[in-house]
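Have a look at the structure below before the remarks.
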Amino acid sequence: MEKSIRQKIREIVGREHCSDSREDLILYSYDAMNRRYLPDMVAHPQTALEVSRLLKLANERSFPVVPRGAGTGLTGGSLAIDGGLVLTTRRMNRILEIDPDSLTAWVEPGVLNGELQKAAAKYSLFFPPDPASMEFSTLGGNAAENAGGTRAVKYGVTRDYVMALEVVMPTGEIVHTGSASIKSVTGYDLTRLIVGSEGTLGVITRLLLKLVPVPESVGTMLASFSEIQSAARAVARIMSGRVTPSTLEFMDRNAVECVKAYLEEDIPAGAAALLLMEVDGSPSVVEEDAGTIEEACYKEGALQVKSAREADERASLWTARRSLSPAIMKIKPLKINEDVSVPRMKIPDLITGIEKLATRHRLTIVNFGHAGDGNVHVNLLLDPDDKDEVSRAQEAVRELFELVVSLGGSLSGEHGIGIAKAPYLGIELENSAIEVMRKIKQALDPNNILNPHKTFDYAASSLERELVHRHE
Amino acid sequence: MSEDRQKRFGRSACVKCGTCQTVCPVFSVLPEEASAARGKLALAEAVEQGYLDESDAYREYLEKCLLCGACEEACPSEVQTLSTMLDARKRMAGNVGIRPAKRLILEQVVGDSRLLDLALRTGRTFQNLLFKRVPADSGIRRRVPLPLITPDRTLPGLAKTFFTDRFSGQVATGKGPRVGIFAGCMTNYLYPGTGEKMIGLLTREGVSVFVPSEQVCCGMPALVGGASETARELACKNLEAFEKYGLDAVVTGCASCGGNLKENYRELLLEAGIEEKRTESFLSKILDINEFLHRIRKVDAVREPEKREDGDLPILTVTYHHPCHLGRLQGVKDEPIALIRSLPRVRYVPMGDNERCCGMGGSFSLEHYDISKEVNDQKIARILESGADAVVTSCPACIMHIRDGLIRNGRGDIKVLHMAELLERYSLEEEGEGGEPRYGRMGVRG
Ligand SMILES: Cc1cc2nc3c(=O)[nH]c(=O)nc-3n(C[C@H](O)[C@H](O)[C@H](O)COP(=O)(O)OP(=O)(O)OC[C@H]3O[C@@H](n4cnc5c(N)ncnc54)[C@H](O)[C@@H]3O)c2cc1C
Ligand code: SF4
Ligand code: SF4
């Protein structure tokens, strides 16, 4: 990046709010995908106007701009794979307004999801999207990745709670999308286009979010099954009934093995699948719904169903699910986590297919996730020093995606495509659909400035920019 | 995909998930990538792999850390951030040198116990010129501009008589085990009263109490400052000082010293060429005062007594702050609470975030008082919310910082007590007939 460009960036955001020191570039070279690409500069603008001026400069002088929230993305969305400017939302971190009457909140994109939850709780409201990273990821990042969480089965994902946006387009225009009114069909739905666009179509600088009243009470249940098939049938029975649980998580045999050490008390011997479920509403509704769910589980052969209403008992039922990620890390040094999703009814087929895949490629695969919405976290565990195992895993991942698509599913339920899954895009999407997306990108970002090569064209050639290569 | 990370970037276990940001006190005040463990580890890795030099900026980023360990506890991948930070600091000290003034202090003054003693004795004389006493024996404030010490900060004055001046050798004889007191610098030079209370408490438990006069600084400041040679020398001196008394236990009232003795001495002593058996024997005797009393009093067997007033000693409502170096580092969390609950004239009320760092972080509070102060304000808010009349803790460093924070927040009326002080004062009546300790004695190492 030329000196004069750096100087201009300093003028726009202020000298103290940008840096090109080697230390700072390293600090913004990674996200939770855990790869490293050094940007040429990092800037922390505070207003949409500053963002706009940065993008206009980028178009004039031709350098890439990569938006970044908290850098907890798992697919490399905020990595500067072609260098350029990393633009963080760190200083756009105000909750501008919470309106308890209209159940909405205006926020800036750098506000953490958890901070909004805390502020909304004062009005007995909550923001339903609850990614596991909610305490440390930003609302801008949640919107850009269309993040989901355990409550998605009843409440939906981030997309369902974004009513309006202020967006700086790749060419620098500041645009307002959506409306504060619930019904609005004026023009194309640009809000939905931007949500989930992984920072490739615009920089979100303000969001109008929908909030929901905190339910009066919550009931939690942990059901154990001797095989995944009966658990899956229980899910089908529950979902086709009258009750919509607010959480419906499952763990397969390997996952149960992983967490057994943490909770011998709560699961019976012979358990090979677990369902963790919640229902919320008025106390009487919770009682009734919990009863219906318990019955459904027993009808499908549950070994045991534990039920809790009080906060601490409920927390103890969650232990299994909460301790899973750390427990998995202990089996092997490296885990590849693919968050595929299939139509809910296909979960048993998916699990059976994955078990076959694991046997064929001699791999340990642990599956768990959101049974209620068909979003399964497939964890391939490996030892990075075992070259053969690594290449078997790579092959298995491709086959997994093919399996998922053959079941009518999707490569990613919530983590996005970024660079991690871009090479596989064609497995799921037909060429004509990719072409439409490419045209949209071209129309909005003719100079390919904003987060280039994410989602579609990330190719192996970009690897050259990885830190290790650049400085060898 | 991430499989190539290990190949390329070595075996750093940090997967850059960001979870540590939720618990890092520094990050809560300064929400920048460099503040929490993730950023610090990324920088340390880059240095290790040769992509970054150990620049001043690097050092500054790394030093903005309380070494509180909250990140380690929260990390799903069990990344050992503290040892990585200590290694990085050691490396820096070796390669580019500790900042000259700091090095001089660490090696020449702290390293040589007589010099440190002299420096502090001289300091005591000049203290009145430099500092003014603030009311209610709460401490001193600076009179003239001094480097690193801001005018709004209240520090304890140097003691008129240092602890090891008043007590040395065998100070009490009892039928119980032979117990040595490791005072630590803060107790010795700033809070000798705490040491005195410990002697009183231990004496009443019927143990023989020793204060080896040759004991020196535990070496923690030297170690975190990267001066490992000095740390090794100090470790050896302490081993020798305590060994000669044939002790059953070495008890300390300083969480930081205790943590250092338990966690770092093995490596330091072995590196210094002390044989393993000798090292292990010394290490096996080290106990925090809370652990020691909890064992010897068999507190678990004591039912929480009904709380009652007693003449001039009304019921005191206290809350407890877990020092990072005792709770997290040594895992001593239940003992102090059980001890407090066992006192008949003390009511215990919990404090929110009671395991969160008070913001002191050793020399961190000198170099980054602004951040330290803000972290401390969070602690003070939790103390006030608890409604306690006094906050009890087990580390002189926390005591100093919390007292400063309460005064800064206009709540100097809330007392800050060391556990030894509380127990000494409020377990008076536990003495049975004729001064015989009520509690049976047992093997010290439980
Ligand atoms: C431990 C852990 C658990 C997780 N659990 C979940 C989960 O349960 N569900 C889930 O969905 N995800 C989960 N994630 C993934 C991740 O947290 C989410 O994708 C999150 O939404 C990313 O937010 P961020 O602020 O970190 O964004 P970043 O990682 O900084 O950025 C993500 C993408 O958004 C873009 N972006 C960021 N801010 C803006 C903006 N203001 N305007 C335009 N584009 C922007 C970036 O360019 C990038 O492409 C998890 C991650 C971790 C590490
Ligand atoms: S230190 Fe642990 S918690 Fe922090 S980013 Fe690394 S792996 Fe995650
Ligand atoms: S030790 Fe404490 S201050 Fe240092 S990085 Fe970890 S949590 Fe933050």
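Letters A, B, ... are given to chains in the order of the sequence lines, protein chains preceding strands, and every chain is numbered from 1.
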> Is any NZ, NE, NH1 or NH2 atom of the basic residue among A/Glu23 and B/Arg59 found under 4.0 Å from an Asp or Glu carboxylate oxygen of the other?
Replying inline: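 No, this pair does not count.
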>> Are B/Tyr61 and A/Asp24 packed together at the side-chain level, in the sense that at least one heavy-atom pair is separated by less than 4.5 angstrom?
In response: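 Yes, side chains in contact.
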> Is the shortest heavy-atom distance from the side chain of A/Arg68 to the side chain of B/Glu33 under 4.5 Å?
Replying inline: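 A/Arg68 vs B/Glu33: side chains touch.
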Looking at [X], I want to see if its [atom1] is surrounded by more than 12 non-hydrogen atoms of other residues, nucleotides or ligands under 6.0 Å.
X        : atom1 : value
B/Asp87  : CG    : yes
B/Glu48  : CD    : no
A/Arg392 : CZ    : yes

Taking all heavy atoms of [X] and all of [Y], pick out the closest pair and write down the distance.
X       : Y        : value
A/Arg22 : B/Leu52  : CG-CD1, 3.7 Å
B/Cys17 : A/Phe136 : O-CE1, 3.2 Å
B/Cys14 : A/Asn34  : O-ND2, 3.5 Å

> Looking at B/Arg38, B/Gln21, B/Glu32, which makes the most heavy-atom pairs under 4.5 Å with chain A?
Replying inline: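 Looking at each option in turn, the highest pair count goes to B/Arg38.
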> In terms of heavy-atom pairs under 4.5 Å, which option from B/Cys75, B/Ala57, B/Gly18, B/Ser77 contacts chain A the most?
Replying inline: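 Of the options given, most contacts go to B/Gly18.
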> Roughly how far, to the nearest 0.5 Å, is the OH atom of B/Tyr51 from the CG atom of A/Leu38?
Replying inline: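 With rounding to 0.5 Å, CG (A/Leu38) is 10.0 Å from OH (B/Tyr51).
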>> side-chain hydrogen bond (donor to acceptor under 3.5 Å, both in side chains) for A/Tyr30 and B/Glu45? Distances and angles first, verdict last.
In response: CA-CA 12 Å; A/Tyr30 53 80; B/Glu45 283 157 20; over 6 Å; no
> Looking at A/His44, A/Glu135, A/Arg90, which one has more heavy-atom pairs under 4.5 Å with chain B than the rest?
Replying inline: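 Looking at each of A/His44, A/Glu135, A/Arg90 in turn, A/Arg90 comes out on top.
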> What residue in A/Ser21, A/Ser133, A/Gly71 has the most heavy-atom pairs under 4.5 Å with chain B?
Replying inline: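 Of the candidates given, the most pairs with chain B belong to A/Gly71.
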> Quick one: what part of A/Asp31 sits under 4.5 Å from any heavy atom of chain B, side chain, backbone, both or neither?
Replying inline: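 Answer is backbone: N, CA, C or O of A/Asp31 sit under 4.5 Å from chain B.
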> How far apart are the C-alpha atoms of A/Arg36 and B/Lys16, what are their side-chain angles, what is the distance that settles it, and do they pass the side chain to side chain contact (heavy atoms under 4.5 Å, CB included) test?
Replying inline: CA-CA 11 Å; A/Arg36 283 146 192 76; B/Lys16 305 290 174 289; 3.3 Å; yes
